[in-house]
Amino acid sequence: MPSPSYAFKKKARGLDLLRSVRGTNRLGPNSTDSIQKPSERYFDKVLKVIGDNSIEYVERTRAIVEMCQLLEVVPQDSISEIWFTAHPLVSIEVPRATRRAALELLRECVSKTKDDLIKLIFFQIIYDCLVSPNGTDEKFTELDPDLDLILSSLNEILKESDELLDVDEKKLLTETVSDLIELEFLKDPKCNHMSVVVELLVLTQKLTFSLNDSDVTNFIEILRRVSDSASLRTMTTFQIMAIRFMKTFLEQVHVNSIDGVVLTILQISAFMPSDKVENAFMPLLNCIIRSKHRPLLEEKLLIIAHGKKFDRAIIVRCYAGVYTQAVREGHVTVDEAFNLLSKLFGAKVDDEFLTLVDLLVEVHIFLENWGSVEVSTKIVLWSMIQEVLLRFRGPSPTIVDKLLISITNYPSLVPISPESLVHFISQSKTLTHMENLVPLFELRRRDFKSVRTLNELIDLVMIPDAVPKYRLQFLKLCKSWIEETSDHEFHWNISQMDCLWKIYSKIENLMVPESELVEFGELLYIFLQLTTVDIFNQLVNNRLLPTLRKILLQKSKRRSFVGSLGAFGRVKSLSEERLRLLPILVKTLVKSFIWSPLDTTGKKCTTLFDVLISVYEYAEHCEDSVTLLTIARPMIRIRRDSGGEFYFAEPEDAVGISSAFGRLKEQVHTDANVQWTFPETLDFIDGKLLGKRNEHVHFDNGRAGPSNGKINMGVWLSLAVDTIEDPANWEIYSYLLTHLCSQLSELALFEGHYEEINKFKTVICQHLKQSLPPNIKPSDGLSRSDLNSAYVRNLSAVLAYNKYESKNFADDLVGALVFGLTSWEKTLIPILHILTVSCFEIPESVKRYITPILLELQKRITTLHAIPSILEFLLALKSSTLLVSNLTPDETKRVFAIVFNLIENSTFLKERSKTFSEPSSASSPKLPPSLVSKDYDMEISPSTESFLVGESMTRFFQYQSFMVLASWLSNVKKDKMDTLMPFVSKGLDKLAKIEDLKYDAFAYMDFVLHLRFSSSNEAPLRRGRDADDFSDSTQLSRWIGKNCLITIRTWELTNKVIVELRRPSCECSFEVKPQVQLSQPSYKLFAFQEDKPEQLDSPSISPEQILPFVCAQDVGSLIPLPKEDPTFKRSVGLLDRIPQVEFQKTGIIYVGSGQNQESQVLSNNNGSTQYNWFLSQIGEFIKLKETGKFFYKGGLDPETDGEYALVWNNATTQITFHTITLMPANNDLSFKKRHVGNNFVNIFYNESGLSSSCFNFNIIKSQFTFINIVVTPEHTGVTEKISQHYKVKIYRRSGVPGLLSCAHFKILHRNNLARYVRHVSLIANALAEKYNETGSQDACSIWGVRCKQLLGILERAHNLNEES
């Protein structure tokens, strides 16, 4: 308490100082400062009323209230005057209403005062008011009724700081507050003076000198009383100030007052708005954490009941947050935290326990020390958490999710196994968030050892309420789990399969997004790969197959209609979900089947084959075309290599049929509703797995039936044929027609299944002859000719099986083809191509139908784009002695008639082609002028695609027609020649009248003439003469006739005579030896001296003497050529340089295993046994050094290109084969490339083992490459074995039409291979030469060129003779 003297002193100074300040500043009425509002007079009036003691207190009270309002506009220097005037009214004797008004004016004056000196004066005045009721020398004994206003004014002075006061004043203030607290504690047990308590709370925060412990204890009790009052504890100011007081004086609180602190905290927090509790209490709670009373405070705050029910959830949560932060910062140790948790657990305050744990598990230092503290304290936190969660009845806490996150992110810190946590979640049915559960499985899946845990996870995740993305992620993680666990010690058993099927059951009962269905398929795919064969078989046969059958039956026409009734909605939805699963399951089986060659046992492959076959049967029964198409895709990819090993390959050689069906990828619009294209990329067929072999997968070569653990292709073919015979829809029908053709070309694949092949042939022939199946609706724009084209192409593969079938097989096939000849042009061309090959393969069957074939061809010679195919067929027809020898004269005449008509028509085509310009696309194949080799695109258009018939193409037509004519004339037997000669001569005479054809016609007349004297249709391979063979002759004379240049050379000494005849179609030379007649000898019996010795003259023979003997009848018509005229000498020399036959050069290149690059194939110096056999069949070997100077060697040099060459010739053509393996080994491969790189046509004997789609057209990079003929043996890589069948196919440069019969592959038997490849090579070379020929040509054949040269010499000789 202040001393009396000090109190008196303060009292005296306050008024005196105020009076002195007032006088100094000229305040009051005499002040010169003006008042803006209201008027100065009005202000003076109000002030006068306040200070007039004669006026009633009521009036003075109103004036005080009025002045409070005027303070807003009163100048600062008037405030002192105002209070000096009003000060007497704060006396205790003044009526309370007036006194309170005066005290409020005092507070307002203090508030408006900015001068610190004035504020200090006010402090003294207010203090006088505070102590005046009790006297200056006594303790406070009573509470001033207006103490709240006095304290409020005091707080206003100290609002910013207490620096206005000196030390004594500060001590005095603390003592005063202490007395007031004690007085309030004693005099106000019911807390009636709430405003006083609040003002005291505010004031305590401004004390420089702290209260003593007793005062703090008393005030804590006051606060408890106030907070216990429902009407008072909700006051915001009280709440805030009480919290601040407890924070400030927490360390001075006596232990006995801890309950008061806790109760106050709990009661305030319970009634404070929840959104403000944390901000309000956080400073106090932070102090508690650092307080010496923390253990006791924690225990009473979190554990001990206080006789009243408080909702302490909010304050507990706040304290837990502060506590957690303290742990994080190290103010609280982990050991202490564990002990607190143990106490909470023991007290069964589950809310508080879970709240604290919920936050602590997010603190890294807590997690770091969890394990070690458990060991040291023997407190097993996870056990306590489990027990609390099991007995907890409140809302599902987040502690489990927090634990999921912690053990996911800190696997080495938290001593809880993931499996233990999952077991608890599953058993307790604790709600968790998928975003926490799924990552646990993702990052800790290696810690999940048991299938039981996986089953529990399935139950937790695969639920309808789960977010789809987490179900999807879980399925992906299951796949990873299977992959990773199988790499370690993992024992496969039936439980894993049950677990997988549980997932299927969950999905089956959920309407999951498509992505989850696809992911389940991926999971099933991985499982099928990694599991053991036994479990694999159980899963596939006992689970998947029955399920697929059940689903397919739901789709069938005979499905129960009950499932579609509204009353059975759930059944219907289940059925729909199963139908959505059907394609996923089937694709997964297909994907696994494609993978199965990697299974070392081979058993998975055969099992999947059988299962897919079974599913295919059900799908066919149920008419499910989508499933049929899905299964057909891997089936048509099955292949069997030379060693009998199983593998898959991409479909090949399907461009023609795909184009006819409009299913080439570039033909199909992106929005088209089609189920397949060619080529196609499928997500369930991994292209990287194609080509993988398995020697443990065996093929069953028996009839269609049970596979007995083997791949029975007869079963597949039988089902495919059934589908074609009675198809489900157009998609599967067209797909099988497109791709079976390529698969059937693999003869080894269907070895022993010839009954099914025959059935396939029968069905295709029936469809070719009859209409479509009734349930087939082709796509828009598809014509009957397109479909017939597909049938015909399939028959080209079937043709190769004729060796294994009866003669009726071949007869039926040719019969169907002959029937198809009457159809459209698109069908005509592929039919002719097969008939061409049939002439080599099955000539007897062609012979049976030769008459109707020729009759039909006579009708179709005006079909423009079929002309090359007709000509090729006629050339092939000639190649079979069996066919030609049995033709009647009329049938032979019909062939000649076709040829003459084609030749005649070609002239009209040639004239027509000159009337328009060929577009760039037509001329694109012509050779570019550049000598730089580059890559060219490969043409893939089918043979049925139309092409431009320009001038170069008509020259090719003419050339081929004359070649057909020459070939057939060469094969006519002598006994038929007289019968046919008038017909042929008449036709040639008619052609000779056409200006563009006269030279060729004359030449062929000459050919017919000399055929009458030839003994064989095959010309021998002549060595060729050297330039100086007859250069030493004594005399030389030449005569020119209509079609012949005669040269006669004589030798004077020996009387040797050589006669040379040069004709358009041939040359010949022979030696004439005149026989000298014997004369009777005479003798001279008597010798006389005058007799002279008789001179015996040896007569010399001149060319003129010999000429009549060579040409006895027409000597007069011959014109002699001047002997020394250089012009004629050059003309004859030019004639000698024009070959007597067509010269061609073709490369033969061996492609070894895995080779597809130029350097690889050019480096081959030898080939396989069957390659060498092929060489021996296609030509004859000669020694280059034994050839004459004018022998056609195709550019081969005996010095650099090897010792031997491979050649072939007939009456019209000579081929030199540039055979790479016959050329010497040389590091400089350019010596080899200079030959094959300059050829239009090269033959590749392909033993690479690569698919035909991998053939590199530019394997020999050259600007001249026009056509590559690829011969692929049935068996490759076998050193000694010679294949029985060979696939032949041409590859064309972009822009070259598919005119040849093997534009779509053909299969030839070994006996016919060489003849057919030569046949194709001859035509391909002719096409290339004519197609790239430039300038106008007066003759299309080499004989026509010779004829033109001879007639030119004759014309000049005639003119010279006329002049002389």
Using the rule given for side-chain contact (heavy atoms from CB on, under 4.5 Å), can you reason through Phe809 versus Val798, listing the C-alpha separation, both sets of side-chain angles and the distance that settles it, and then say yes or no? CA-CA 10 Å; Phe809 178 89; Val798 173; 3.2 Å; yes

For Phe648 and Phe646, take the angle between the two ring planes, folded into 0 to 90°, and tell me which bin it lands in: parallel under 30, tilted 30 to 60, perpendicular over 60. perpendicular

If you measure only the distance, is there a donor-acceptor pair under 3.5 Å linking the side chains of Thr453 and Glu419? yes

Starting at CD of Glu623, measure out to CG of Leu628 and round the result to the nearest 0.5 Å. 9.5 Å

Please state whether the rings of Tyr791 and His767 are parallel, tilted or perpendicular, taking 30° and 60° as the class boundaries. perpendicular

Assign the ring pair Phe609 / Phe593 to parallel, tilted or perpendicular, where the plane angle (0 to 90°) is split at 30° and 60°. tilted

Check whether the side chains of Gln529 and Tyr525 place a donor and an acceptor atom closer than 3.5 Å, and report yes or no. yes

Would you say Ser592 and Lys604 are linked by a side-chain donor-acceptor pair, where the criterion is simply a distance under 3.5 Å? no

Between Tyr616 (side chain only) and Leu629 (backbone N and O only), is there a donor and an acceptor less than 3.5 Å apart? no

Distance-only donor-acceptor check, side chains Thr738 and Trp676, under 3.5 Å: no

Side-chain donor-acceptor contact under 3.5 Å, Thr532 with Asp534: no

Rounded to the nearest 0.5 angstrom, the CG-CD1 distance for Leu740 and Ile636 is 8.0 Å

Using a 4.5 Å cut-off on heavy atoms from C-beta on, say whether the side chain of Ile657 contacts that of Cys741. yes

Salt-bridge contact Arg637-Glu650 (side-chain N to carboxylate O under 4.0 Å): yes

So does Lys479 have more than 12 non-hydrogen atoms from other groups sitting under 6.0 Å from NZ? yes

Does Arg580 reach the main-chain N or O of Val512 with its side chain, forming a donor-acceptor pair under 3.5 Å? yes

How are the rings of Phe441 and Trp481 set to each other: parallel, tilted or perpendicular (split at 30° and 60°)? tilted

Please say whether the positively charged group of Arg693, taken as NZ for Lys or CZ for Arg, lies over the ring of Tyr647, i.e. under 6.0 angstrom from the six-membered ring centre and within 45 degrees of the axis. yes

Pairing donors with acceptors under 3.5 angstrom, does anything connect the side chains of Trp730 and Gln675? no

Testing the basics here: between Ser625 and Asn729, what is the closest heavy-atom pair and its distance to 0.1 Å? OG-ND2, 2.8 Å

If you draw a 6.0 Å radius around NZ in Lys502, do more than 12 non-hydrogen atoms from other residues or ligands fall strictly inside? yes

Residues at least two apart in sequence or cross-chain that pass side-chain contact (heavy atoms from CB on, under 4.5 Å) with Thr762, listed by chain then number, are Asn758, Gln766

Got a second to check how far Leu404's CG is from Asn436's CG, nearest 0.5 Å? 6.0 Å

With a 4.0 Å cut-off, would you call Lys591 and Asp683 a salt bridge? no

Assess the side chains of Arg549 and Ser614: does a donor N or O sit below 3.5 Å from an acceptor N or O? yes

Atom pair CG (Asp401) and OG (Ser406), whose distance is rounded to the nearest 0.5 Å: 10.5 Å

Answer with yes or no whether the side chains of Thr627 and Thr630 bring together a donor and an acceptor at under 3.5 Å. no

Determine, for Glu805 against Lys761, whether the closest basic-nitrogen to carboxylate-oxygen distance falls under 4.0 angstrom. no

Measure across Leu608 and Ser596 and return the closest heavy-atom pair with its distance rounded to 0.1 Å. CD1-CB, 4.2 Å

Using distance alone, with no hydrogens and no angle criterion, decide if Gln496 and Thr531 have a side-chain donor and acceptor under 3.5 Å apart. no

Can you classify the ring geometry of Phe520 versus Tyr504 as parallel (below 30°), tilted (30 to 60°) or perpendicular (above 60°)? tilted

